[in-house]
Amino acid sequence: MSAEAAALRPGPTVAKTAADIWLGGRRRQQERHLSLTELVRVPGPRLHRSVERQFGQMTDAVSRLEPYLEHGFRGRT
């Protein structure tokens, strides 16, 4: 292998790493504005609806617990 070829070998790796870092920051910034159901990547609309229902059930459960939590933790802010 010539010296020129050896010198150019790490180029694609460095470029890919730099692009991943640059684009990764943008992706994380965009993901901060997504809902949980949008962040969970599942194959197919049926499974996606199932995940949405599960998050909805969790929301309902927390809503039912909220009055008890407010009473139990009153004055502890």
Practice item. Give a yes or no on whether His71 atom NE2 has more than 12 heavy-atom contacts from other residues, nucleotides or ligands under 6.0 Å away. Key: no

Review point. Rounded to the nearest 0.5 Å, how far apart are CD of Glu52 and CG of Leu36?
Key: 11.5 Å

Exercise for review: Measure the NE2-CZ distance between His48 and Arg53 for me, rounded to the nearest 0.5 Å.
Suggested key: 11.0 Å

Review point. According to a 4.5 Å side-chain heavy-atom criterion applied to Ile, Leu, Val, Met, Phe, Trp and Tyr, with indirect links allowed, do Val62 and Phe55 form part of one hydrophobic cluster?
Key: no

Check your understanding: What closest approach, in Å, do Pro67 and Arg64 show between heavy atoms, and which atom pair accounts for it?
Key -> CD-O, 3.4 Å

**Study point:** Common cluster, Met58/Leu65, ILVMFWY with side-chain heavy-atom separation under 4.5 Å
**Key:** no

